[in-house]
Number of protein chains: 2
Amino acid sequence: MLAHNAIHSSPAAISRVGRVARDNKPGHMPPAFAQPHQVLFCSPNKEIYAQGERATALYQVEFGAVRIYRLLSDGRRQISAFHVAGEVFGFEADGHHRFFAEAVCNSAVRVYRLPIDADLSRDILPSALLALVRAQEHLLVIGRQNAAERVAAFLLDLAERQGDLPQIELAMSRTDIGDYLGLTIETVSRVFSKFRENGHIRLQGARTVMLLKPEALRAMCA
Amino acid sequence: MLAHNAIHSSPAAISRVGRVARDNKPGHMPPAFAQPHQVLFCSPNKEIYAQGERATALYQVEFGAVRIYRLLSDGRRQISAFHVAGEVFGFEADGHHRFFAEAVCNSAVRVYRLPIDADLSRDILPSALLALVRAQEHLLVIGRQNAAERVAAFLLDLAERQGDLPQIELAMSRTDIGDYLGLTIETVSRVFSKFRENGHIRLQGARTVMLLKPEALRAMCA
DNA sequence: CGTAATGTTGACAAGGGTCAAGCTTAGTGG
DNA sequence: CCACTAAGCTTGACCCTTGTCAACATTACG
């Protein structure tokens, strides 16, 4: 079952791109943190941390996108979240990572080594709670919505996070989308095609989506 | 789809059972909080808070069980978590509840009104992170595991939370289990029957489960 | 321009949903 | 104490959505 999407190319260790200048880009990061200890530049599929590793830092996406996922022993994968610019990830309950984190595309990630001081830890609670609410809402999508509803919810969520522009750039492959929505790539692809035929979206290549009727999509996810 | 489990009888308002004696039961609550502002006694299906309400408190289960859930407009329900004795719930990202919380069975819930003072808020971060990890792990179960694997994971999780005794008391109905696992009651029932036929479990009535071969169940969820 | 990775589409199969009937259990009242 | 009832649970028959397998198209890249 689903063995075809078991292949992931991320044996590479974390490459520290060392302390770099980060005094630029003032204040377009939502929870404007203090100086990160370092900034990590990642090419696609670069591993940021792995399941089982000790959790030594929190991370904030500067640009690009990151996937958080888990694997079953037979290779089935569930992506629990995508994180884009400004979002914080890497929270763990007991000092070691229960998930993998990888760059989806060329990305930069700010690294805040633990322990985080008291001021900062007040700032991160909202980020943790946001992640919790997102995960719980995603449970509803995966647990109770059909394929079309899941894809509609996904597209609307992305559009909202990209500033509600009608045109969306998908950083992730169909495999990623399937593993996020609990579907196969074939089903994802068929839903995209159906949406195109219905006039709900326009596709310019596989990764550029224009939402022609966002209301129609919104109506689907009730 | 799934309209048969849309009926929920909880129009009742929250009944405050006022300040009661709570100096008893010392220190068997994992995150030993200070005095709660009140303790709420709940009969089955009593609403603790509703989606849309302002979040005014955090809650800790004293005994019994609580379900956290969301509804789609057509009545489909997804239970994102069950909470049992000692667990804290009610975290929200922006001051209002995105979910419903109801007692599953006769229960008592400690109420800590917001804002929580600084000392306490340090204590609650671990609870929030635990809830986040649980939700993300549940995503894997719902997104990528089949019916038998989901039920196996559910039974093992319950057993672990009840102290790893071989005998489990289910506080919740098949409908609740189905809505937690993203399955119908019929499928849940069939999996229970299959596990009984395989000798993995013994059922004494519908709500008492003995795990005869926990290793076999464990092997299923990889 | 050629090759590999990614995406699309079709035919078919299967897991789980739907509908319906019957069974168990707990609760109630005679 | 037992019969009656209603709610919850189980089981069967059938069917639909989505997964599987395969072929082909498209895109990205060297």
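Both backbone and side-chain heavy atoms feed into the values below; hydrogens, waters and symmetry mates do not. In what follows, chains are A, B, ... by sequence order, proteins preceding strands, each numbered from 1.
- One atom, CG of D179(A), and another, P of dG7(C), lie 12 Å apart when rounded to the nearest Å.
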Do any side-chain atoms of residues 202-222 of chain B form donor-acceptor pairs under 3.5 angstrom with protein atoms, and if so which ones, sequence neighbours left out?
unit_1, atom_1, unit_2, atom_2, d
R207(B), NH1, A171(B), O, 3.3
T208(B), OG1, E169(B), OE1, 3.3
T208(B), OG1, E169(B), OE2, 2.9

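- S193(B) pairs by the side-chain contact (heavy atoms from CB on, under 4.5 Å) definition with R196(B), E197(B), not counting sequence neighbours.
- Listed candidates were dG15(C), dG8(D), dT18(D). Nearest to the side chain of R207(B) is dG8(D).
- For R161(A) and F82(A), the positive end is not near the middle of the six-membered ring at less than 6.0 Å and at most 45° from its axis.
- Taking atom CD on E149(B) and atom C1' on dG19(D), their separation rounds to 14 Å, with Å as the unit.
- Separating the CG atom of N45(B) from the C1' atom of dA7(D) is a distance of 12 Å, rounded to the nearest angstrom.
- Rounded to whole Å, atom C1' of dG17(C) lies 12 Å from atom CZ of R76(B).
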(request) Would you mind building the protein contact string for nucleotides 8-14 of chain C? One character per nucleotide, 5' to 3', B for base within reach (heavy atoms under 4.0 Å), S for sugar-phosphate only, - for untouched. (result) BBBB---
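- Regarding I142(B), its CD1 atom lies at a distance of 13 Å from the P atom of dG16(C), rounded to whole Å.
- Scanning for salt bridge (charged side-chain N to carboxylate O under 4.0 Å, His left out) contacts around R134(A) gives E87(A), with sequence neighbours left out.
- The nearest whole Å value for the distance from the CG atom in N106(B) to the C1' atom in dA26(C) is 15 Å.
- Taking S173(B) as the reference, nothing meets the side-chain hydrogen bond (donor to acceptor under 3.5 Å, both in side chains) condition, with sequence neighbours excluded.
- With sequence neighbours left out, the salt bridge (charged side-chain N to carboxylate O under 4.0 Å, His left out) criterion links R190(B) to no other residue.
- Partners of D94(A) by salt bridge (charged side-chain N to carboxylate O under 4.0 Å, His left out), not counting sequence neighbours, listed by chain and number: R98(A).
- Taking N198(A) as the reference, nothing meets the side-chain hydrogen bond (donor to acceptor under 3.5 Å, both in side chains) condition, with sequence neighbours excluded.
- If you measure from atom CG of N146(B) to atom C1' of dT20(D), you get 15 Å, rounded to the nearest angstrom.
- A straight line from CD of Q145(B) to C1' of dG16(C) spans 16 Å, rounded to a whole angstrom.
- Base pairing in DNA chain D yields stems of at least 3 consecutive Watson-Crick or G-U pairs, both distances under 3.5 Å, namely C:1-30 with D:1-30.
- With hydrogens and angles ignored, the 3.5 Å screen pairs no side-chain donor or acceptor of R67(A) with any backbone N or O of E102(A).
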